[in-house]
Amino acid sequence: MTAVTLAPAPAAGEGGRLAGTGMLVKMWLRRDRIMLPAWIYALTALVSSSMYSFRTGYDEPGALEKFARGINDNPSTKAMYGPVLNEHTASGVAAWQTGATGAALVGLMCVLLVVRHSRAEEETGRLELVGAGVVGRRAPLTAALLVAATAAGTLAVLATAVMIAFGAPAAGAVAFGLAWFGAGMVFAGVAAVTAQVAQTSRLANGLALAVLGTGFLLRGLGDVGSAHWLAWLSPIGWAQRVRPYADEQWAALALPLVAFALLAAAAYALIERRDLGAGILAPGPGPSRAAPSLRTPLALAWRLQRGSLVGWSAGFLVYGLAIGGIADGVSDLVGDSDSTLKSLRELGRQDDIVDAFLSTAMGLMALLTAAYAVQGVLRLRAEEAGQRLEPVLATGVGRLRWAVSQLAVTVAGTVVMLALTGLAVGSAHGLRSGDLDGQLPRVFGAALAQLPAVWVVAGVTVLLFGLLPRAAQAGWGVLAVCLMLGQMGPVLKLPQPVMDVSPFTHTPNVPGGTFSPLPLASLTAVALAASAAGLLAFRRRDIG
């Protein structure tokens with residue numbers, strides 16, 4: 001942690017309560033120097049790849065209109081992405097593809113940032129040390145909101161610049177960027193409130209993400225059903241109502257600004273009504289003795305990770321059903337666009353267009369599963385840095401037993417998530433195509449075939465945790481490289497040795513292609529070797 005010079009407390013007043021804000025912003029931006037660029041790069045790449053795909057893949061007359069009609073006639077796709085508002089331009093369709101999901105991801109980024117730099121700082125005791133210097137009562141929350149605003153603002157500027165660089169009208173690009181920024185700031189405000197209400201960062205994140213998930217659900221229900229007013233209850237729905245490239249509605253940007261102002265005001269009011277380290281919702285006293293289900297390291301690991309696993313799994317199940325619902329009609333969506341067919345076949349490494357789409361979808365779901373795996377592995381570092389590991393090791397639990405228990409739950413979680421994906425996609429696709437018995441097993445197997453590549457990313461993160469614990473966050477950078485190579489590598493025609501850096505390049509071309517167990521065995525061996533090396537290094541180094 002950056003050193004803080006202690007000095008007499010400042011005088012009371014608004015200036016005193018905000019004293020030290022600039023110092024905290026600088027310190028926390030430095031702490032996020034790995035995580036923030038990874039987030040910003042990934043979301044900017046999402047916009048860039050979408051713009052590139054629609055500009056080059058649907059250049060035939062009527063191709064975009066045909067694609068948009070197929071989307072607007074498919075309830076499952078509308079529930080996931082919303083309706084296409086401008087079916088005549090590549091920028092309008094790209095704004096549809098990245099609008100709702102991108103706004104949700106920006107909101108997720110801001111939630112994690114605000115809770116990390118407010119409630120988590122109190123929970124670990126670091127904020128109490130910092131607060132002993134020239135730091136006002138409201139400075140930490142203000143700094144956390146400023147970091148979130150900096151991240152969301154940078155992302156909005158880059159997304160706008162990317163769209164303009166691809167030839168999109170400037171007004172629509174600015175509206176798109178501001179819509180993302182507004183959604184991010186609303187959920188930053190939500191996180192600011194939950195950080196005051198909850199006494200732990202885990203609960204604060206859970207409450208904020210529950211609000212985010214509810215907002216995404218309300219937006220989907222409003223877009224699909226007759227009750228369109230439901231979308232107006234969602235910050236993600238507000239981002240869509242800005243209507244980039246479809247007669248922009250600039251007045252809709254006032255909604256997230258007003259909501260953020262109200263939420264920030266509520267958070268500041270709650271700060272004055274609680275003690276440092278405490279939450280508005282005080283936890284009740286626990287039992288004097290632990291239940292039998294909590295008397296082993298594995299049980300503790302499950303208790304700590306079960307909420308995250310349930311949330312991720314629910315999202316995968318919904319997304320899998322949506323993907324499976326449109327797979328059988330992907331040929332109609334692509335239409336007669338030869339370039340789109342070529343790009344999809346290159347991404348999916350298949351000649352059959354449906355199999356290529358399913359293979360591409362499985363690759364994307366595997367990357368998301370790897371994000372869950374990285375998050376689970378980094379929990380090891382969080383427990384260590386939060387000084388919660390030493391009391392556990394003071395008992396009869398050894399380092400390796402504790403770490404292996406945590407990793408076992410994470411690995412099992414990756415299996416559950418990809419298995420749910422295979423079941424959801426396979427069932428929906430099989431029912432829609434009338435071939436459930438044939439499609440479910442092959443799609444389910446294709447999902448599980450992605451597991452070894454996911455484990456390699458997790459294993460490299462374990463290696464970083466063991467050898468360079470302070471640089472363990474670089475696991476997100478490893479995932480970002482895999483994402484870039486997987487999504488942009490085939491399109492940019494990168495050399496094969498460069499593509500081979502990503503473990504996902506070595507997974508079998510299924511469904512539809514030839515299955516070989518050798519690459520999966522090799523990837524599993526690499527994952528085990530990296531994990532073993534990381535665990536041995538963790539066993540020998542100092543805690544802290």
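Sequential numbering from 1 along the given sequence is applied to the chain's residues. Predicted, not measured: the structure shown is a model, and the values here were computed from it.
When all heavy atoms of Gly182 and Pro256 are compared, the pair lying nearest together is O-CB, 3.6 Å. Pairing each heavy atom of Ala143 with each of Leu24, the nearest pair is CB-CB, 3.6 Å. The two atoms that bring Ala151 and Leu113 nearest to each other are CB-CD1, 3.8 Å, heavy atoms only.
No more than 12 heavy atoms of other residues, nucleotides or ligands shown are found within 6.0 angstrom of CZ on Arg273.
To the nearest 0.5 angstrom, Trp28 atom CH2 is 8.0 Å from Arg31 atom CZ. Separation of atoms CG (Leu418) and OG (Ser313) is listed at 10.0 Å; rounding is to 0.5 Å. Here the CG atom belonging to Leu108 is positioned 12.5 Å from the OG1 atom belonging to Thr101, to the nearest 0.5 angstrom.
Residues passing the side chain to side chain donor-acceptor pair (under 3.5 Å) test with Asp32, sequence neighbours excluded: Arg116, His117. With sequence neighbours left out, the ring pair (Phe, Tyr, Trp, His ring centres under 6.0 Å) criterion links Phe176 to Trp180. The salt bridge (charged side-chain N to carboxylate O under 4.0 Å, His left out) check on Arg243 picks up nothing, with sequence neighbours excluded. Looking at residues two or more places apart in sequence or on another chain, you find no side chain to side chain donor-acceptor pair (under 3.5 Å) involving Ser234. When the ring pair (Phe, Tyr, Trp, His ring centres under 6.0 Å) test is applied to Trp312, the partners found at least two apart in sequence or on another chain are Tyr372.
Applying the side chain to side chain donor-acceptor pair (under 3.5 Å) test to pairs two or more places apart or on separate chains, those with a residue in residues 139-163 are Thr142-Tyr268.
Although no hydrogens or angles enter the test, the distance criterion places no donor-acceptor pair under 3.5 Å between the side chain of Ser359 and the main chain of Asp355.
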